[in-house]
Protein chains: 2
Amino acid sequence: MAEAVHRLIAHDGLDAATMAAVAREAGFSVGLVQHYFTSKDDLLLFAYERMTADQLGRVARLVEEGEAAQQPIRAILKRCMPQLWPLDAPRRGEYRVSRVFHARALDNPTIAEVGRRTAAVVRAQIARAVANGKECGEVEKGTDAELAAVELAALIEGLADDLYREPGPPVGERTMDGAAQAVLESRLRALFPGECRHYA
Amino acid sequence: MAEAVHRLIAHDGLDAATMAAVAREAGFSVGLVQHYFTSKDDLLLFAYERMTADQLGRVARLVEEGEAAQQPIRAILKRCMPQLWPLDAPRRGEYRVSRVFHARALDNPTIAEVGRRTAAVVRAQIARAVANGKECGEVEKGTDAELAAVELAALIEGLADDLYREPGPPVGERTMDGAAQAVLESRLRALFPGECRHYA
DNA sequence: CCGATAACCATACGACGGTATGGCAACGCC
DNA sequence: GGCGTTGCCATACCGTCGTATGGTTATCGG
């Protein structure tokens, strides 16, 4: 059912995610989804939490893989962050859903809390990455990990908006896609200038 | 009427901005707002355009003032950008409205176009500021103005989200407010390291 | 002064969405 | 084998919202 909600919102917006539509999309009856979710808000909240959990899970897996392959932290971050960018169809869908809930969070404390928490998790993960970088020599000692995390997290979010608005084709003489990648790359290179001294 | 729409959305969300509510808030009858706006979408679009125009106008005025006072470009930018941040009540209102329309833009091409245009204007203004900075010595010649503009614009947007979520009080041991200011300050200082050679 | 256009209003209409209700089938415990 | 609990459904209900309609007042050019 959560998948149905996700599909509907991703494809046609929140208004399309009516109880009847969700039931139809999921192949059940309206009564059944009522049986599992006491209200529509419950349903939406569940779908939202599920999606954010998915996203965080994906990046966690990437981090794990990267660490296993002994990649430098900068490289890991560079692979993780575009996970939250609307670069292909499924992620454009996720972006759409996230924006919808972002707006809904303005008047729904529960949803706002989910958003707040995931944002905090993202920041914390980046901060940890930077701290680790200081440990292993990729990051200069003077760098403020918390501040760097705030910056990078904000950058990802902001660039995601631009990427959604201007997909593929050019803005000016460069594609937004390339610009976003370039900006991220440049900031990561500035924040992680060194080489890891642990891995040969 | 546009003001009424703005107030309602800013205070109670999009759902509160019903035709009847808008009419009541504005002190008119439902029929009258129908008289001026052929549909609700029209009304919302108008209110949205009005708000973005307001914002851009404010920024433009600040730029003008700054130039008149012969402030360095970095200082001007530093004063302009928080205009788009939800730091006080009216700007929190604007932020809320902008998020609502941001979501609505996902399924409404006209609104999306307005968002796209204003984002482009913001980017262009920043890019021009950077270019001017190169001219007058505040910015290093090697800096890519377009790229810097994309970065700064994205940064503002992303930080705005954080600021709305975590107003005033602390996250970790620093207020988000301070963190955002610090991040912006640091990036501006990195991108505008020099002094203007025109003004004594 | 008059007639038309614009400002303005109260209300009716039609549609739709979330929830409530009552009921049917199936399964498992006594 | 009965019986209650659970899974599941169709549909009725009620509120609300956007819009349509018909009419009333005011404004103003000729």
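By convention in this document, chain letters (A, B, ...) are assigned in the order of the sequence lines, proteins followed by strands, and residues within each chain are numbered from 1.
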Among residues at least two apart in sequence or on other chains, which ones pass salt bridge (Lys or Arg N to Asp or Glu O under 4.0 Å) with [X]?
X	answer
B/Asp15	none
B/Arg58	B/Glu94
B/Glu151	A/Arg187, B/Arg187
A/Arg24	none

Of residues 9-21 of chain B, the positions that come close to DNA chain D - non-hydrogen atoms, cut-off under 4.0 Å: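 Heavy-atom cutoff 4.0 Å gives B/Thr18, B/Met19.
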Do any side-chain atoms of residues 25-34 of chain A form donor-acceptor pairs under 3.5 angstrom with protein atoms, and if so which ones, sequence neighbours left out?
residue	atom	partner	partner atom	Å
A/Glu25	OE2	A/Arg7	NE	2.5
A/Glu25	OE2	A/Arg7	NH2	3.4
A/Ser29	OG	A/Gly31	N	3.4
A/Ser29	OG	A/Leu32	N	3.2

Is there a side-chain contact between B/Arg74 and B/Arg189 in this structure, where contact means two heavy atoms from C-beta onward sitting under 4.5 Å apart?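 Touching, per the 4.5 Å side-chain cut-off.
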Treating Ile, Leu, Val, Met, Phe, Trp and Tyr as nodes and any side-chain heavy-atom pair under 4.5 angstrom as an edge, say whether [X] and [Y] lie in one connected cluster.
X	Y	value
A/Met81	B/Leu147	yes
A/Val122	A/Leu163	yes
A/Met51	A/Val22	yes

Show the distances under 3.5 angstrom between N or O atoms of the protein and N or O atoms of nucleotides 6-8 of chain D.
residue	atom	partner	partner atom	Å
D/dG7	OP2	A/His35	NE2	2.9
D/dC8	OP2	A/Tyr36	OH	3.0

Got a sec, which pairs hit side chain to side chain donor-acceptor pair (under 3.5 Å) with one end in residues 42-52 of chain B, sequence neighbours left out?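 Found B/Thr38-B/Asp42.
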Among residues two or more places apart or on two chains, list those pairs meeting side chain to side chain donor-acceptor pair (under 3.5 Å) that have a residue in residues 105-114 of chain B.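 Found A/Arg96-B/Asp107, B/Asn108-B/Thr110, B/Glu113-B/Arg116.
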Distances under 3.5 Å only, N/O to N/O: pair up the protein atoms with those of nucleotides 22-26 of chain C.
none

Members sharing B/Val63's hydrophobic cluster (side chains within less than 4.5 Å):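 In the cluster with B/Val63 are B/Val59, B/Ile76.
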Given that B/Val30 and A/Val30 both sit by DNA chain D, which one's nearest nucleotide is further toward the 5' end?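 The residue closer to the strand's 5' end, by nearest nucleotide, is A/Val30.
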Hey, can you pull the residues of residues 37-48 of chain A with a non-hydrogen atom under 4.0 angstrom from DNA chain C?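 Nucleic-acid contacts, sorted: A/Ser39, A/Lys40.
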